[in-house]
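Working notes, beginning with the structure itself.
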Amino acid sequence: MRNFRLLNIWQTGFQISIKCYEITRSLPMEEKFGLSTQIQKAAVSIPSNIAEGCSRDSVKDFIRFLSIAIGSAFELETQLLIASALLYGNQELITDTLSLLTTEEKMLNNFIKTLKQDKGYK
C-alpha cells in the first residue's frame, strides 16, 4: 500500500477539487444540478481514483485507476471550457484551474508511462 498523500499527482488533484468547488459556488443557480454537479463529480474523481489505486496490490490495477483519473481530468477540462465559453463563474479562477489541470494531465500521463516501463506493460 502506498501513501497517496505523498504523491504530487494526488496533491495537485486535491487542489483542483478545492478550486472546482470554489468555481461552482460562482456559477448561476440554474446550473446547481447541471454543470455544477458534473464539475464537482469529475473533480473529486481525480484524487479519489489516485488514492484508491494506491490501495491496490498490483501495478496493473494501480495503472487502471490512474487511467480513470486522467479520464476524469479530461472530462473536467471539457466542463470548465464549457463554463468559460458561456462566461459562467469566476473566469480567472477557471483559467487558473485549467492551467493546473493541464499540469495534472501531463503528470498522470508521465507517471502511467513510467509505471508501464518499469513493469513492462504496454
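Residues forming a ring-ring contact (aromatic ring centres under 6.0 Å, His included) with Phe14 (at least two apart in sequence, or on another chain): Trp10. Partners of Arg64 under the salt bridge (Lys or Arg N to Asp or Glu O under 4.0 Å) rule, at least two apart in sequence or in another chain, are Asp61.
A donor-acceptor contact shorter than 3.5 Å links the side chain of Thr97 to the backbone of Leu93. Listed for the Ser99 side chain is no donor-acceptor partner under 3.5 Å among the backbone atoms of Thr95. A donor-acceptor contact shorter than 3.5 Å links the side chain of Ser67 to the backbone of Ile63.
The two residues Cys54 and Phe4 come nearest to each other via the heavy atoms SG-CB, 3.6 Å. Between Ser84 and Gln91, the shortest heavy-atom contact is OG-OE1, 3.1 Å. The minimum heavy-atom distance linking Ala42 with Leu76 is given by the pair CB-CB, 3.9 Å.
Residue pairs meeting the side chain to side chain donor-acceptor pair (under 3.5 Å) criterion with at least one partner in residues 15-34, sequence neighbours excluded, are Thr24-Gln40.
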Exercise for the section: Begin from the C-alpha positions of Ile46 and Leu101 and carry the test side chain to side chain contact (heavy atoms under 4.5 Å, CB included) through to its verdict. Expected result: CA-CA 10 Å; Ile46 298 167; Leu101 193 54; 4.0 Å; yes
Exercise for the section: Using the side chain to side chain contact (heavy atoms under 4.5 Å, CB included) rule, take Phe74 and Thr78 through it: C-alpha gap first, then chi angles, then the decisive distance, then the call. Expected result: CA-CA 6 Å; Phe74 286 125; Thr78 300; 5.7 Å; no
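A distance of 13.0 Å separates CZ in Phe65 from CD1 in Ile112, rounded to the nearest 0.5 Å. Distance OG1/Thr12 to CE/Met107: 3.0 Å, rounded to 0.5 Å. Distance check, rounded to the nearest 0.5 Å: OG of Ser45 to CD of Glu52 gives 9.5 Å. The CD1 atom of Ile9 sits 13.5 Å away from atom OG1 of Thr103, with the distance rounded to the nearest 0.5 Å. Annotation: the span from Ile82 atom CD1 to Glu77 atom CD amounts to 11.0 Å, rounded to 0.5 Å. Note that CD of Glu105 and OG of Ser72 are 11.0 Å apart. Values are rounded to the nearest 0.5 Å.
Looking at heavy atoms from C-beta onward, Glu75 lies in side-chain contact with Gln38 at the 4.5 angstrom threshold. With a 4.5 Å cut-off on side-chain heavy atoms, Asn49 and Leu66 do not count as touching.
A side-chain contact (heavy atoms from CB on, under 4.5 Å) with Ile94 is found for one member of Leu81, Ile39, Ile23 and no other, namely Ile23.
By the criterion of side-chain heavy atoms lying less than 4.5 angstrom apart, applied directly or through intervening Ile, Leu, Val, Met, Phe, Trp or Tyr residues, Leu98 is grouped together with Leu35 in one hydrophobic cluster.
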